[in-house]
Structures are given as C-alpha cells and as structure tokens.
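All remarks here apply to the structure that follows.
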Protein chains: 2
Amino acid sequence: MKDQLRAYLDGFLKLEGEAADEIDSKFYTKQYPRSSFLAVEGEITKEVHFLIKGCCRFFHKKNNRAITHWFSFENTFTTSLRSFTTQTPCEEYIQAIEECTVLSLKHQDLMRMYDKHKQWERLGRLVMEDFSRRMLDRVTALQNLTAKQRYIMLLQSEPRIIQRIPLNLVSSYLGISGETLSRVRSEIRI
Amino acid sequence: MKDQLRAYLDGFLKLEGEAADEIDSKFYTKQYPRSSFLAVEGEITKEVHFLIKGCCRFFHKKNNRAITHWFSFENTFTTSLRSFTTQTPCEEYIQAIEECTVLSLKHQDLMRMYDKHKQWERLGRLVMEDFSRRMLDRVTALQNLTAKQRYIMLLQSEPRIIQRIPLNLVSSYLGISGETLSRVRSEIRI
DNA sequence: AGCATTTTTTGATATATGTCAAAAAAATAT
DNA sequence: ATATTTTTTTGACATATATCAAAAAATGCT
C-alpha cells in the first residue's frame with residue numbers, strides 16, 4: 001500500500017534517504033465506509049489523505065442544497081485544501097462515495113517533514129503546482145460551455161467520474177440540473 | 001520597486017541571507033505598453049513577472065472568440081502557469097490592459113534558486129498554495145450561480161476588476177454575455 | 001430475494017440568458 | 001478639439017436550462 005504512494009510520489013520526485021523513510025513512519029492506514037465523512041464543515045482539517053482505493057465527493061451547502069464541487073479517486077491526495085493549509089475551520093464536506101482505504105498524514109507531521117527535508121518541501125510545491133493546473137482546466141470547463149459541451153468534455157477528460165459517480169452528483173459538479181444532464185445524455189446516445 | 005516585491009513575499013515568508021539577495025540579483029525591470037502581450041499562444045513562457053503597476057487580462061481563443069479567464073493586478077505574480085511550470089508551449093494570451101511595470105525572473109534562475117535555497121522552495125510552495133485557494137473560490141463562483149449572483153459576488157470579492165477592467169471583458173470572465181452583464185448592472189443600480 | 005430508498009427519466013411549463021442589430025456613450029488617437 | 005474606434009446599452013426574439021411533479025429504473029440493505 002505504501003508502494004502505491006511511493007509510485008505516485010515518484011512521478012513528481014524520487015525521495016531518498018531519511019526523507020523517503022517518512023513514508024513508512026508517518027503515514028498510517030484508515031478505512032472510511034461508504035457515505036462516511038472525511039471532512040465536515042466547521043472542523044479544522046488535521047490530516048491529508050492519500051486515496052489508495054475508493055472515491056470521494058467534495059461538496060458545500062448553499063441554500064440547503066448540496067453543491068458538489070470536486071471528486072477524488074485513487075492515487076490523489078484528498079483533503080480540504082483551505083482548511084488543511086491554513087488550519088482554519090472547514091467550509092466543505094468530503095464524503096466517501098465508495099468505501100475508501102487511505103493513507104493519512106497529520107498536518108503537524110507534514111510541517112515537520114517540510115522543515116526537515118528539502119525534498120518534501122519540493123514535493124509539496126510540485127503537488128500544488130499540479131493541483132493548480134488541474135483547477136485551471138476546471139475553470140475553463142465551467143466558463144462559457146453549454147451543458148452538452150461540459151458533459152462531452154468531462155466524458156473525454158474524466159470518464160471515471162461518469163462511470164463511478166451517481167449522475168445527480170455529476171450534474172451538480174457540472175453546474176447543471178440533473179434533468180438537463182439526463183436529457184443531454186439521451187441526445188448523445190442516439 | 002524591489003521593496004514592493006519584498007513586502008509581498010514577506011507576507012509568505014521572510015527571506016534571509018543569500019536567499020534574500022536573489023531578489024536584487026535575479027529580478028529585473030520591464031515595461032509593457034498598454035495592449036502589448038506578456039505571453040502569446042504557442043511560445044514557451046520563460047519568465048514569471050511580478051506586477052508592480054498595471055493590470056493584465058488572461059484569455060484563450062475558442063471558435064474565434066476570446067474568452068477571458070483571469071485578471072492580474074499589482075502585487076501578484078503573472079505568468080502562464082502551465083507553460084511556465086512545465087516549459088511547454090503556451091495555450092493562452094496575457095495582455096496588458098493598462099501599461100505595466102513588472103519585475104521579471106527567468107525560469108532557469110528560479111529553478112536554480114529552488115535548488116540552492118530551501119527558503120525559495122518553501123516560498124514557491126506557499127505561493128502555489130495561495131493560488132490554489134483562489135482558484136477554488138473561482139470554481140465555486142462559476143458553478144451554480146446566476147449571472148446576477150456572479151456579478152454581485154465579484155463586486156464584493158474583487159471590486160477592482162469592475163473598476164478597472166472594460167465590462168465586456170468582465171462579462172467573459174464571469175461566463176455571461178456582455179448584454180446580460182449590462183442588464184444585471186442596470187437592475188442593481190436601482 | 002424482497003423491500004425500501006435513491007437515482008434517473010420524462011413531460012409540461014417558466015425563466016434566464018444568448019444572439020443579433022442598432023443606437024448611444026465613452027475612450028483613444030491624431 | 002475632432003474624428004475614429006471601442007465599449008455599453010437597449011430592444012426584439014430565440015433558445016437553453018431550471019423547476020416541479022410523477023413515473024420508472026436502479027441500487028442498497030437485511
């Protein structure tokens with residue numbers, strides 16, 4: 001399981017020596033049952049999770065409705081970014097859509113790793129750069145695209161979202177109603 | 001001018017010793033006239049600019065239309081993130097809306113600063129974390145908000161965009177037509 | 001397997017927003 | 001200051017999408 005994390009991190013940077021040992025000593029396994037929460041509004045997020053298996057939905061409440069704004073899958077870090085990085089109360093919820101196996105790391109441990117190892121500091125930068133690029137893509141996808149275009153784009157760029165996530169959550173993520181998504185899909189199937 | 005950059009960076013981390021000296025030795029001043037381009041599609045972005053004065057618009061072309069997806073103002077780093085961080089051809093344009101004075105830094109110099117100074121590596125991480133948080137806000141603003149809500153939200157969170165940027169560019173940024181923005185504004189003025 | 005719950009689809013209707021065109025206003029350059 | 005260009009506003013109309021309601025289908029649970 002740690003090997004899966006190592007393989008992911010190797011994509012950014014090969015950790016060596018003591019910096020590499022931190023993976024063994026500081027990450028620990030957790031299990032989240034389907035529908036359970038990895039983060040809830042109001043609590044300060046103390047851990048970042050690396051998703052080994054399963055997928056999650058990120059959402060916030062707006063006028064009593066849940067708006068899904070992100071999904072995470074295997075081999076990604078999953079945490080409430082703002083709450084974790086600034087250690088302020090969380091403004092969103094993270095919920096397991098499938099049962100999740102994660103490797104978790106405490107905020108204070110990560111801070112110590114950043115202090116102690118230049119390699120981890122760099123890893124942190126590279127992971128954040130990668131995240132930023134993906135967020136830029138998401139902005140482009142939300143801006144100036146019709147419902148059908150958004151769906152087609154998602155189908156091409158993130159097919160697993162459509163395969164594994166209930167469509168009413170996908171529609172919220174795309175910023176369209178569930179009914180519209182259903183109609184868009186029926187048009188495309190023809 | 002360098003003091004303005006130093007003050008900005010101090011907000012993230014106080015640079016000391018040789019790491020601080022890099023500000024004097026590696027950043028250099030440039031001037032971009034109104035309407036000139038800081039980045040164009042197809043070219044690899046070799047510099048990151050710290051905006052001392054002026055503002056810029058980021059846009060990409062889609063079906064012969066320009067879609068504005070970001071604005072930058074004084075005291076922010078301005079560059080094509082994907083092109084600069086991955087050193088691949090740029091997919092967007094960055095254009096000076098007002099005449100811009102910038103402090104520029106070459107990619108290769110930044111990479112050396114990252115290698116040489118742990119402090120710069122950390123600064124890079126913190127700047128990227130900050131950027132990521134702002135992008136998250138932008139996604140929330142684009143998703144599931146009506147034209148009027150988007151405008152009101154922008155008015156509250158980024159009034160200078162409305163004050164200094166032509167409205168037809170603002171409307172593109174909000175993902176709505178210029179006509180709709182004009183109507184939304186007239187409703188609100190009452 | 002069968003029951004309860006959730007999700008998806010379909011139809012009818014209301015509404016928000018886009019598009020096109022033209023006038024008005026504002027900004028820019030000479 | 002004037003002419004030119006750009007930006008904003010306004011009106012008419014078309015269209016995409018939301019909403020509400022109900023049926024159908026799928027899924028999860030014991």
Side-chain angles (χ1 to χ4, degrees), chain A residues 32-37 54-57 59 62-68 71 93 95-100 141-155 161-190, chain B residues 32-36 54-55 57 59 62-68 71 93 95-100 141-155 161-190:
Chain A
Y32 286 95
R34 163 192 275 277
S35 299
S36 69
F37 288 88
C55 60
C56 298
R57 125 195 214 225
F59 69 97
K62 175 109 190 169
N63 309 330
N64 280 324
R65 294 199 174 197
I67 296 176
T68 297
F71 299 110
Y93 298 83
Q95 187 175 26
I97 288 181
E98 301 169 357
E99 169 161 82
C100 289
L142 282 173
Q143 202 188 352
N144 288 295
L145 287 188
T146 65
K148 193 190 283 191
Q149 289 169 328
R150 289 179 196 199
Y151 176 72
I152 291 172
M153 210 169 146
L154 188 66
L155 205 55
I161 287 184
I162 291 152
Q163 288 150 7
R164 288 167 60 180
I165 312 276
L167 293 174
N168 59 336
L169 303 183
V170 175
S171 72
S172 174
Y173 176 78
L174 291 172
I176 62 183
S177 70
E179 293 91 332
T180 295
L181 178 57
S182 172
R183 289 179 179 115
V184 161
R185 281 165 56 84
S186 75
E187 279 182 57
I188 287 169
R189 259 184 250 119
I190 292 160
Chain B
Y32 285 95
R34 164 191 272 278
S35 299
S36 69
C55 60
R57 127 195 213 226
F59 69 97
K62 176 106 188 171
N63 308 330
N64 280 323
R65 295 198 174 196
I67 296 177
T68 298
F71 299 110
Y93 297 84
Q95 187 175 26
I97 288 181
E98 302 168 358
E99 170 160 80
C100 288
L142 283 172
Q143 203 188 352
N144 287 294
L145 288 188
T146 65
K148 193 190 283 189
Q149 290 170 328
R150 289 180 196 198
Y151 176 71
I152 291 172
M153 209 169 148
L154 189 65
L155 205 54
I161 287 184
I162 291 153
Q163 288 149 8
R164 288 167 59 180
I165 312 276
L167 292 174
N168 59 336
L169 303 184
V170 175
S171 72
S172 174
Y173 175 78
L174 291 173
I176 63 183
S177 70
E179 294 90 332
T180 295
L181 178 57
S182 172
R183 289 178 180 117
V184 161
R185 281 165 56 82
S186 75
E187 278 183 59
I188 287 169
R189 261 184 249 117
I190 294 161

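None of these values were measured; they are calculated from a predicted model. Hydrogens, waters and symmetry mates play no part in the numbers below; they use all other heavy atoms, side chains included. Just so we're on the same page: letters track the sequence lines, and every chain starts at 1.
For DNA chain C, the contact window with chain B, defined by any atom under 4.0 Å from a protein heavy atom, covers C/dT17 to C/dT28 in 5' to 3' order.
Rounded to a whole Å, the CD atom of A/Glu99 is 19 Å from the P atom of D/dT27. Computed from coordinates, the B/Glu179 CD to D/dT7 P distance equals 14 Å when rounded to whole Å. D/dA18 atom C1' lies 15 Å from atom CG of B/Leu145, rounded to whole Å. The interatomic distance linking A/Leu169 (CG) with D/dT27 (C1') rounds to 14 Å, in whole Å. Between the CG atom of A/Asn168 and the C1' atom of D/dA25 there is a distance of 14 Å, given to the nearest Å. The distance from atom CG of B/Asn144 to atom C1' of D/dT19 is 14 Å, rounded to the nearest whole Å.
A/Glu98 places no side-chain N or O within donor-acceptor distance of the main-chain N or O of A/Ile165, the cut-off being under 3.5 Å. The backbone N or O of A/Phe59 lies less than 3.5 Å from no partner atom in the side chain of A/Thr68, so there is not a single donor-acceptor pair. With B/Glu99 contributing its side chain and B/Gly54 its backbone, the two residues share no donor-acceptor pair below 3.5 Å.
B/Ser182 and B/Glu179 share no donor-acceptor pair across their side chains, judged by distance under 3.5 Å alone.
Nearest-nucleotide assignment on DNA chain C puts the 5′-proximal partner with A/Leu181, out of A/Leu181 and B/Lys148. Sequence order on DNA chain C of the closest nucleotides to A/Ile165 and B/Ile176 puts A/Ile165 first from the 5' end.
Taking each heavy atom of B/Arg185 and B/Tyr151 in turn, the nearest pair found is NH1-OH, 2.8 Å. Scanning both residues, A/Pro33 and A/Ala96, for their nearest heavy atoms gives O-CB, 3.6 Å.
The side chain of A/Arg65 places an N or O atom within less than 4.0 Å of a non-bridging phosphate oxygen (OP1 or OP2) of D/dT19. Under 4.0 angstrom from either OP1 or OP2 of D/dA18 there lies at least one side-chain N or O belonging to A/Thr180. Under 4.0 angstrom from either OP1 or OP2 of D/dT10 there lies no side-chain N or O belonging to B/Arg183.
Distance CG/A/Leu145 to CD1/B/Ile67: 7.0 Å, rounded to 0.5 Å.
B/Arg150 comes within 4.0 angstrom of nothing in the nucleic acid, heavy atoms only.
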